[in-house]
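All ligand and atom numbering here is 1-based and tracks the order in the structure.
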Amino acid sequence: MKPAWFDYCVPRDLKEALHILDDAGQEGRVLAGGQSLVPMLNLRILSPAVVVDINRIEALNGLRAEKDCLTVGALVRHADLLRSADVCGGWPLLAEATRQVAHMAIRNRGTVCGSVSHNDPAAEHPSVLVTMGGTVVIAGKAGCRELRAEEFFTGTLSNALEPGEMVVELRYPRPPARTGSAFVEFARRLGDFAIAGAAATLTMRDEICDHARLTILGMGEGPFRAYAAEQTLSGRRLDPKRYKDGFAEAAAKVVADVDPAGDIHASAGYRRHLAGVLTQRALETAFARAGGQVG
Ligand SMILES: Cc1cc2nc3c(=O)[nH]c(=O)nc-3n(C[C@H](O)[C@H](O)[C@H](O)COP(=O)(O)OP(=O)(O)OC[C@H]3O[C@@H](n4cnc5c(N)ncnc54)[C@H](O)[C@@H]3O)c2cc1C
């Protein structure tokens with residue numbers, strides 16, 4: 001339970017951090033909250049030659065809510081989101097999901113960008129970023145680039161970062177008017193990683209669902225965007241008599257499309273079943289929050 005030897009670097013600004021990461025190439029790893037990296041080092045799942053602790057870089061601390069966008073810097077902790085009235089009021093899906101990340105001690109230390117970079121298939125933040133149509137801002141020695149969330153996540157515990165690059169911020173568009181959202185998950189104990197979960201947003205125009213977005217977590221490979229289920233709902237009339245049929249159809253599409261693996265926590269069949277049940281719950285809650293008329 002001891003890590004292999006590594007060089008520990010504590011840069012004071014982003015330029016210095018990028019310089020060290022560039023020199024280290026494949027052998028460099030960013031240390032943010034350490035809630036996932038430190039266990040992986042101790043178990044020797046990872047043995048980087050250089051660990052770059054970014055915690056002294058003031059400029060990465062920013063949490064800014066603007067008219068159209070929320071910007072979350074690389075040192076913003078899960079708990080910082082929950083302390084922000086702007087986040088809780090303007091980006092309720094993000095706040096609801098963050099409340100379900102681990103325990104308070106971990107939320108106080110772990111960062112949102114760290115969770116997104118780590119891309120655990122059971123983590124809340126990757127699915128929320130995809131559902132909200134968010135983007136990832138990446139910095140390297142050559143400059144910055146911005147990727148859509150879906151381009152960033154490339155599979156279990158992996159992402160589109162090139163050697164020498166790091167995530168500097170996440171951007172979440174402000175949800176349109178008359179959007180309701182919900183994040184629901186199922187875990188064996190409060191604070192455990194979820195076995196499965198669903199993040200949904202519905203934007204309503206009278207009784208018509210203008211736009212639906214739905215992402216499932218816990219199915220392996222990272223966030224699963226349920227396109228077929230979204231298409232079932234987008235443009236559909238969701239009146240008090242018929243909205244439940246729409247949500248049942250969407251849930252059936254999810255059950256047909258996900259392809260989870262079984263593990264010691266749950267069989268593949270049970271995860272698939274949960275994906276359908278949680279989809280329906282998330283959609284019903286999002287619908288009510290969007291002001292939809294329930295029968
Ligand atoms: C007991 C326990 C329970 C947990 N339960 C949950 C849970 O229910 N849900 C959940 O989502 N998470 C859970 N976590 C993980 C936790 O949320 C972490 O905070 C999160 O996964 C990583 O954030 P971090 O800042 O600690 O990242 P670190 O541990 O510092 O880094 C994680 C990985 O991301 C990379 N990284 C970090 N920041 C950057 C960056 N800016 N740019 C590029 N790469 C970066 C690191 O190099 C490393 O590979 C749990 C952790 C523990 C210990």
Side-chain angles (χ1 to χ4, degrees), residues 3 6 8-11 14 17-18 20-22 24 26-43 45-57 59-62 72-82 94 96-129 136-140 144-145 147 152-154 156-170 183 185-197 199 217-218 222-223 265:
F6 56 81
Y8 173 68
C9 305
V10 191
L14 184 60
L18 293 175
I20 299 168
L21 282 170
D22 188 61
Q26 300 272 15
E27 285 297 325
R29 277 278 163 174
V30 170
L31 171 72
Q35 300 303 299
S36 298
L37 181 63
V38 171
M40 287 195 298
L41 294 177
N42 287 343
L43 294 167
I45 295 167
L46 290 176
S47 303
V50 182
V51 170
V52 184
D53 181 344
I54 59 172
N55 284 279
R56 307 273 170 87
I57 306 177
L60 298 177
N61 257 318
V72 176
L75 285 177
V76 171
R77 318 282 163 178
H78 307 296
D80 293 329
L81 298 184
L82 298 177
L94 182 56
E96 187 172 32
T98 305
R99 278 183 213 108
Q100 298 175 60
V101 174
H103 310 274
M104 193 187 284
I106 292 155
R107 291 195 294 270
N108 280 339
R109 193 69 203 152
T111 63
V112 186
C113 288
S115 176
V116 164
S117 304
H118 186 52
N119 192 19
D120 188 303
E124 289 81 1
H125 283 298
S127 291
V128 170
L129 194 67
V136 182
V137 181
I138 294 168
C144 278
R145 62 192 179 111
L147 289 184
F152 182 75
F153 300 115
T154 54
T156 307
L157 301 184
S158 59
N159 60 45
L161 288 176
E162 299 289 344
E165 290 185 325
M166 62 175 278
V167 174
V168 285
E169 62 188 35
L170 306 173
F183 185 93
E185 68 176 37
F186 180 78
R188 291 180 69 186
R189 295 171 307 184
L190 189 67
D192 278 3
F193 270 107
I195 291 175
L217 58 124
H265 303 293

Legend entry - Validation row: L46, F6 side chains within 4.5 angstrom (heavy atoms): no
Inset, instruction - Report the part of H78 (side chain from C-beta onward, or backbone N, CA, C, O) that has a heavy atom under 4.0 Å from ligand 1; answer both or neither where that applies. - result: side chain
Legend entry - Check: V50 and C9 side chains under 4.5 Å, non-hydrogen atoms: yes
Inset, instruction - Specify the closest pair of heavy atoms between L147 and A160, including all atoms of both residues, with the distance to one decimal. - result: CD1-CB, 3.7 Å
Inset, instruction - Looking only at distances, please establish whether an N/O atom of ligand 1 is found under 3.5 Å from an N/O atom of V167. - result: yes
Inset, instruction - Check whether any N or O atom of L31, backbone or side chain, sits under 3.5 Å from an N or O atom of ligand 1, and answer yes or no. - result: no
Inset, instruction - Could you name the option among D120, I106, N119 that has the heavy atom nearest to atom 16 (C) of ligand 1? - result: I106
Inset, instruction - Heavy-atom contacts with A32 under 4.0 Å: which atoms of ligand 1 show up? List them by number with element. - result: 25 (O), 30 (O), 37 (C), 38 (N)
Inset, instruction - Please name the pair of heavy atoms, one in L170 and one in L129, separated by the smallest distance, quoted to 0.1 Å. - result: CD2-CD2, 4.2 Å
Inset, instruction - Only heavy atoms count here, so choose which of S127, G114, S117, G34 is nearest to atom 30 (O) of ligand 1. - result: G34
Inset, instruction - Specify side chain, backbone, both or neither for D192, according to which of its non-hydrogen atoms lie closer than 4.0 Å to ligand 1. - result: backbone
Inset, instruction - Please say whether I54 places an N or O atom under 3.5 Å from an N or O atom belonging to ligand 1. - result: no
Inset, instruction - Give the contacting part of L37 toward ligand 1: side chain, backbone, both or neither, where contact means a heavy-atom distance below 4.0 Å. - result: both
Legend entry - Winner among L21, I57, V30, V112 once heavy atoms are compared against atom 47 (O) of ligand 1: V30
Inset, instruction - Around atom 21 (O) of ligand 1, find the nearest protein heavy atom and jot down its residue, atom name and distance. - result: S36 OG, 2.8 Å
Legend entry - Sub-4.0 Å atoms of ligand 1 with respect to non-hydrogen atoms of E124: 7 (C), 8 (O), 9 (N), 10 (C), 11 (O)
Inset, instruction - Give yes if a backbone or side-chain nitrogen or oxygen of T111 is under 3.5 Å from a nitrogen or oxygen of ligand 1, and no if not. - result: yes
Legend entry - Side chains of F152 and N119 in contact at under 4.5 Å (non-hydrogen atoms): no
Inset, instruction - Evaluate the side-chain proximity of L81 to H125: yes if any heavy-atom separation is below 4.5 Å, no if none is. - result: yes
Inset, instruction - State whether the shortest distance between N or O atoms of A102 and N or O atoms of ligand 1 falls below 3.5 angstrom. - result: yes
Legend entry - Beyond-backbone contact of V137 with V167, side-chain heavy atoms, under 4.5 angstrom: no
Legend entry - H125 to ligand 1, any heavy atom closer than 4.0 Å: no
Legend entry - Nitrogen or oxygen of R29 less than 3.5 angstrom from that of ligand 1: yes
Legend entry - Minimum heavy-atom distance V168-A139, with the two atoms named: CG1-CB, 3.7 Å
Legend entry - Flag if over 12 foreign heavy atoms under 6.0 Å of CZ, R145: yes
Legend entry - Atom indices of ligand 1 within 4.0 angstrom of L161 heavy atoms, with elements: 43 (C)
Legend entry - Positive for side-chain contact (heavy atoms from CB on, under 4.5 Å) with V112, one of H78, E124, E169: H78
Inset, instruction - Please identify which atoms of ligand 1 are closer than 4.0 Å to at least one heavy atom of M166. - result: 42 (N), 43 (C)
Inset, instruction - Among all protein heavy atoms, pick out the one at the shortest distance from atom 14 (N) of ligand 1; state its residue, atom name and that distance to 0.1 Å. - result: F193 CZ, 3.4 Å
Inset, instruction - Find the distance between CD1 (I54) and CG (L75) and round it off to the nearest 0.5 Å. - result: 4.5 Å
Inset, instruction - State, with a plain yes or no, whether a side-chain heavy atom of R107 is found less than 4.5 Å away from one of R77. - result: no
Legend entry - Nearest non-hydrogen protein atom, atom 26 (O) of ligand 1: Q35 N, 2.8 Å
